[in-house]
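Chain letters run A, B, ... following the sequence lines, proteins first, then strands; residues in each count from 1. Here the structure is a predicted model, which is why all the values come from computation and not from measurement.
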Number of protein chains: 2
Amino acid sequence: MDLVHLLREVTLRLDLAGAEFAARNGLHPTDLRALIALLDAARAGEELTAGRLGGRLGLNSAGTTALVDRLERLGHLRRVRDTRDRRRVLLAVDERAVALGQAFFGPLIARTLTLLDTFGPGERDAVRRFLTGVRDAAQAPAEAATGTPAEADTPS
Amino acid sequence: MDLVHLLREVTLRLDLAGAEFAARNGLHPTDLRALIALLDAARAGEELTAGRLGGRLGLNSAGTTALVDRLERLGHLRRVRDTRDRRRVLLAVDERAVALGQAFFGPLIARTLTLLDTFGPGERDAVRRFLTGVRDAAQAPAEAATGTPAEADTPS
DNA sequence: CCCGATTACCTCGCTCAGCGAGATAATCGA
DNA sequence: TCGATTATCTCGCTGAGCGAGGTAATCGGG
């Protein structure tokens, strides 16, 4: 049980750290999350489009456009029209964004890796199982747990 | 290394789940975080004041007042003047807020506890060490990563 | 090959969360 | 008692994100 609270504390702390880092670099939390999503996609060799990014962050198209505008204005990414399907706008991350990601995650990752050095294979596996399980548990618990049963969600 | 990414994925997923749940209940992410902070404080037998809550969420006084206004209007908490120091406004959480917290965290906690049932003591300890380490690692990594050190603000 | 449907993104107007500055009220210290 | 400090609130403003609707490109049936 205390592990649950500990996990929540970790997510809260990471959240605050992210928000603080974002503010310090003239970004908003959403901007930072967008950069992370972009870097993730880049690392996975995936081409991320504007719409896809918005969907991943839970923004609608208008908000996504504004987000991409901001990031482009700051030089973190460039809009690139897909030559195959010229309706699509691919997002190309700039070196600047990569550097920012490094600056934010670098120390955190380094510390975590140092910590993990002290873990045996079985312990690492335990951590992995735990995180995987929580991730999957967080998939769709909200659907079942809506506090307002009578209220019509999907206000669209 | 993959554990790091896994952790990030977990926090992202929990974040999105929270935002979705909040929106579904007519709240904003900040409101939900405020409720969580309030419930945490209540569970710890701590009396949370308006200013303290704002500080914990990274809001300034104006934003905090607006936040408390919203939550009070929704009936999630009540303002209670501290009788000892009548400048202070204590925040009393309502049953409604508790129920909301249960609705959100209940299933998540249940699933996590079920998962943890399959863990041995050593494994749980590994998870605990990992989470504790990450929490501490997230304390102040941003300071080192930017040219702009934050000024101390002694959060009591 | 054309035309309607669909897809992907953008524009416009708006709401409201959160900020900075400053006001107000209560407490504390000399 | 009076100024300094603390805790909160008020006011005006900026801007992130939403809903609605527009535009350009692609797809699919006749």
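In this structure, B/Phe105 and A/Val4 have side chains that are not in contact, with every pair of non-hydrogen atoms separated by 4.5 Å or more. Side chains of B/Val68 and B/Val89 form no contact here, defined as non-hydrogen atoms less than 4.5 Å apart. Taking the side chain as every heavy atom from C-beta outward, A/Leu6 and B/Thr132 approach each other to under 4.5 Å.
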Distances for protein N or O near nucleotides 3-8 of chain D N or O, under 3.5 Å:
unit_1 : atom_1 : unit_2  : atom_2 : d
D/dT6  : O4'    : B/Arg87 : NH1    : 3.1
D/dT6  : O2     : B/Arg87 : NH1    : 3.0
D/dT8  : OP1    : B/Ala50 : N      : 3.3
D/dT8  : OP1    : B/Val89 : N      : 3.0
D/dT8  : OP1    : B/Val89 : O      : 3.4
D/dT8  : OP2    : B/Gly51 : N      : 2.7

Any N/O pairs under 3.5 Å between the protein and nucleotides 15-18 of chain C? List them or say none.
unit_1 : atom_1 : unit_2  : atom_2 : d
C/dA17 : OP1    : B/His28 : NE2    : 2.7
C/dA17 : O5'    : B/Arg70 : NH1    : 3.3
C/dG18 : OP1    : B/Thr30 : OG1    : 2.5
C/dG18 : OP2    : B/Arg70 : NH2    : 3.0

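Remark: A/Arg24 is not positioned above the aromatic ring of A/Phe104, lacking an NZ or CZ atom under 6.0 angstrom from the ring centre and at most 45 degrees off the axis.
The closest donor-acceptor contact from the side chain of A/Asn25 to the backbone of A/Leu27 lies at 3.5 Å or more, if one exists at all.
Classification of B/Asp82 and B/Arg87 as a salt-bridged pair fails, no side-chain N sitting under 4.0 Å from a carboxylate O. Classification of B/Asp40 and A/Arg8 as a salt-bridged pair holds, one side-chain N sitting under 4.0 Å from a carboxylate O.
Terminal axes of the helix from C/dC1-D/dG30 to C/dA30-D/dT1 (five pairs each, C1' rotation axis) are separated by 20°, to the nearest 10°.
Between the CG atom of A/Asp82 and the C1' atom of C/dA8 there is a distance of 11 Å, rounded to whole Å. A straight line from CG of A/Leu27 to C1' of D/dA16 spans 14 Å, rounded to a whole angstrom. What separates CG of A/Leu57 from P of D/dA16 is a distance of 14 Å, to the nearest Å.
Sorted by first and then second residue, the salt bridge (charged side-chain N to carboxylate O under 4.0 Å, His left out) pairs involving residues 60-70 of chain A (not counting sequence neighbours) are A/Asp31-A/Arg70, A/Asp69-A/Arg79.
Mapped onto DNA chain D by nearest heavy atom, B/Val68 and A/Arg86 fall at different nucleotides, with B/Val68 at the one closer to the 5' end.
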For residues 45-58 of chain A, please give each side-chain donor-acceptor pair under 3.5 Å, one per line with the distance, not counting sequence neighbours.
unit_1  : atom_1 : unit_2  : atom_2 : d
A/Glu46 : OE2    : A/Arg56 : NH2    : 3.2
A/Thr49 : OG1    : A/Arg52 : N      : 3.2

Using a 3.5 Å cut-off and no angle test, enumerate the donor-acceptor pairs between side-chain atoms of residues 117-124 of chain A and protein atoms at least two apart in sequence or in another chain.
unit_1   : atom_1 : unit_2   : atom_2 : d
A/Thr118 : OG1    : A/Leu115 : O      : 2.6
A/Glu123 : OE1    : A/Gly120 : N      : 2.9
A/Glu123 : OE1    : B/Arg129 : NH2    : 3.2
A/Glu123 : OE2    : B/Arg129 : NH2    : 2.9
A/Arg124 : NE     : A/Leu116 : O      : 3.4
A/Arg124 : NE     : A/Phe119 : O      : 3.4
A/Arg124 : NH2    : A/Leu116 : O      : 3.2
A/Arg124 : NH2    : A/Phe119 : O      : 3.1

